[in-house]
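The structure appears right after this line, and notes come after that.
Below, all heavy atoms of this structure are taken into account, side chains as well, without hydrogens, waters or symmetry copies.
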Amino acid sequence: MGTIIYSEDSNFDADVVIVGCGCAGGILSRELSDAGLHVIALERGPNITSEEYSMDELKFPIRNKVLWGPQDEPRYTWRPNAETEAERVVTGWSGWGPGGDHLHWGAQSWRFQPATFKAKTVFGQVENGAMIDWPITYEDLEPYYQRFEERIGISGDHTKDPNHPPRSGSYPMPPTVPGFATRHFVKAAEALGYKPFPVPGAINSIDYDGRFACGYCGFCQGFGCTVEAKGDVGLTEIRKARINPNFELRTKCRVFEVTVDDNGNAKGVKYLDENKQVVHVTGKMVIIAANYLESTHLMLISKSPQFPNGIANNHGQVGRYFHMRDITQLIGLFKEPMNAFIGPTPRWAVNHFADDNFSPKEYGEDFVMGGNITGADPYGLAGQPIEFSEAPTPVGVPNWGPAYRDFISKAFTHHYTTRIYMTEPPQKDKFIDLDPEVIDSDGIPVPRVTFDWHPQTTKQHAFLRKRAYEILEEAGAEKIWGGELGEPWILNSHSGGSTRMGNNPDESVVNRYCQTHEVSNLFVVGSSCFPTIGAYNPAETVGALAYWVAEFIKKEVGKGEVKA
């Protein structure tokens, strides 16, 4: 545990400056301001309220309005390896406003398995791999998983999950009621010997904490919930933090530098306000809690004489070991109507092949880790009709003309998917740095992502796709198609590694409390700190980690009194 060192200068704007007010930043904002600390949180997006939400597919997931940032702005470039020039410039921002990615998340709320925290010990090392054990355990985070589930509001039933890790309490709400398509999927999975169970979700199955129960409209992932039945930190932690007089949330702030004093301690941050004026806000402590890509980017561009390669990067670890996992959907077409678009996004899962729940060797396979399979999901995010028009078509069906019209008019209501969530090991030569040529509209170099799937991924994908195919086949699908391995340049929010946790400064950026090894009053909290990502969605672990870090900070500063 590293002691937090502060400057003796008491002329600070705040005790704590938090960059990013999404899942991690929102939780830290409430926890630290509740403890009596003066917190200023900076959010790049605008202030967003539930009154701006609607069930408008064109406005939200298609045109990316309200919940997303500018879609014509370069966000990052991509190349498959360090010997290749950047092949793509990718535009568009996500997580735009207080709540971040939680504003439009699908609300799946999983705990990581204990094996994920001991990845190298359990799974060993892969070729070109950079697997390490986390410096914390599942047992360390368990109380904070429980706190997340109670604060955000998670519905589920862990007794139906045959591989659920030990827990100190039940979910605060029972699971939502499965629709016809989900019950159809469950019957097929059970016929194959699996034990499907309801995916834990941040969806109110009953009225909870002053918010209404779900109305089963189906507008979940990609949308803000019009009745606030979908839990997110914007509605829970940030809303309650705003009650504290010592909490200030500033929106439309583009942070571009973490500043340091002559001793190399974090002094504050500089940001561009909505009028493009530079503002320097100072704090005794700085916490970077943005999306994994933006957190890494900010550290790399925060250069100074003390840190010429970016703040807390004198060991050259910022940006290293980037990894993400593929998510793909295998589509089944059925004779009877399924109407899979109705109901909340989290459905039911088969996690027999996730993490260390099975041995690939028993199936003649040599990949490590595994993946998760859910059903019965509609194609796309929330699975509304415009999105479905972007789905691939089966062999023999054109993607235009009268035949396509006839196909899609049936397929939209008669399909569901088995969604595959894979696991990607971190690699030595996959990383994030600054692109030497591409800049954004503020004149700042954009991050460059050097990443491609590990060689084992093709094997893992083929294995899981076969299992997902068998479920649809057992369910009686007339046609089964899709489910191909995704393009490695299409990043999702299930990524990590680029500011990873560890005990050794020569192979990690932050310690077990997400405190940077090189700057004692600088923290980085989010999925970028994950040494590995398992078969389960990472959002709840981001939240649990934020509670864990907040607890450490509160103890270090003496029950909320920061000593300058």
Check residues 58-69 and write down every donor-acceptor pair under 3.5 Å in which the side-chain atom is one partner and the other belongs to a residue at least two apart or another chain.
from	atom 1	to	atom 2	distance (Å)
N64	ND2	Q71	OE1	3.0

Show every donor-acceptor pair shorter than 3.5 Å between a side-chain atom in residues 489-496 and any protein atom, with sequence neighbours excluded, or say none if there are none.
from	atom 1	to	atom 2	distance (Å)
N492	OD1	H494	N	2.7
N492	ND2	R325	O	3.0
H494	ND1	R325	NE	3.2
H494	ND1	R325	NH2	3.0
S495	OG	Y292	OH	3.4
S495	OG	N492	O	3.1

In residues 215-231, what donor-acceptor pairs under 3.5 Å come from side-chain atoms, sequence neighbours left out?
from	atom 1	to	atom 2	distance (Å)
Y216	OH	V177	N	2.9
E228	OE1	R239	NH1	3.2
E228	OE2	S50	OG	2.7
E228	OE2	R239	NH2	2.8
K230	NZ	W105	O	2.9
K230	NZ	C220	O	2.9
K230	NZ	F223	O	2.7

Sequence neighbours excluded and cut-off under 3.5 Å, please list the side-chain donor-acceptor pairs for residues 388-406, or say none.
from	atom 1	to	atom 2	distance (Å)
S389	OG	I386	O	2.4
T393	OG1	V397	O	2.9
Y404	OH	S389	O	3.1

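A salt bridge links E149 with R111: the closest approach of a Lys/Arg side-chain nitrogen to an acidic carboxylate oxygen falls below 4.0 angstrom. A salt bridge is absent between K187 and E190: the closest approach of a Lys/Arg side-chain nitrogen to an acidic carboxylate oxygen does not fall below 4.0 angstrom. Between E424 and K430, no side-chain nitrogen of the basic residue sits less than 4.0 Å from a carboxylate oxygen of the acidic one, so the salt-bridge criterion is not met.
Without hydrogens or angle criteria, H415 side chain to A411 main chain gives a donor-acceptor distance under 3.5 Å. Judged by distance alone, the side chain of E540 and the main-chain N or O of F148 form no donor-acceptor pair under 3.5 Å. A donor-acceptor contact shorter than 3.5 Å is absent between the side chain of T328 and the backbone of I420. Using a distance-only test at 3.5 Å, with no hydrogens or angles considered, no donor-acceptor pair links the side chain of N357 to the main chain of H352. Side-chain atoms of E274 do not come within 3.5 Å of backbone N or O of P46 as any donor-acceptor pair. For the pair E57 (side chain) and E387 (backbone), a donor-acceptor distance under 3.5 Å is present.
Ring planes of F367 and F358: tilted class, angle from 30 to 60°.
Side-chain rings of H184 and F334 approach one another, their centers coming within less than 6.0 Å. Proximity of the aromatic rings of Y194 and F353 is defined here by a centroid distance below 6.0 angstrom, and this criterion is met.
Remark: P178 engages T182, R183, W348 in a side chain to side chain contact (heavy atoms under 4.5 Å, CB included) (not counting sequence neighbours). Looking at residues two or more places apart in sequence or on another chain, you find a side chain to side chain contact (heavy atoms under 4.5 Å, CB included) between A290 and E294, S295.
Under 3.5 Å, the side chains of Y469 and T418 contain no donor-acceptor pair of N or O atoms. Counted by atom type alone, N291 and R75 present one or more donor-acceptor pairs between their side chains at under 3.5 Å. Side-chain contact, N339 with T413: no donor N or O sits under 3.5 Å from an acceptor N or O.
More than 12 heavy atoms of other shown residues, nucleotides or ligands fall within 6.0 angstrom of atom CD in E87. At most 12 non-hydrogen atoms from other residues, nucleotides or ligands lie less than 6.0 angstrom from CZ of F212.
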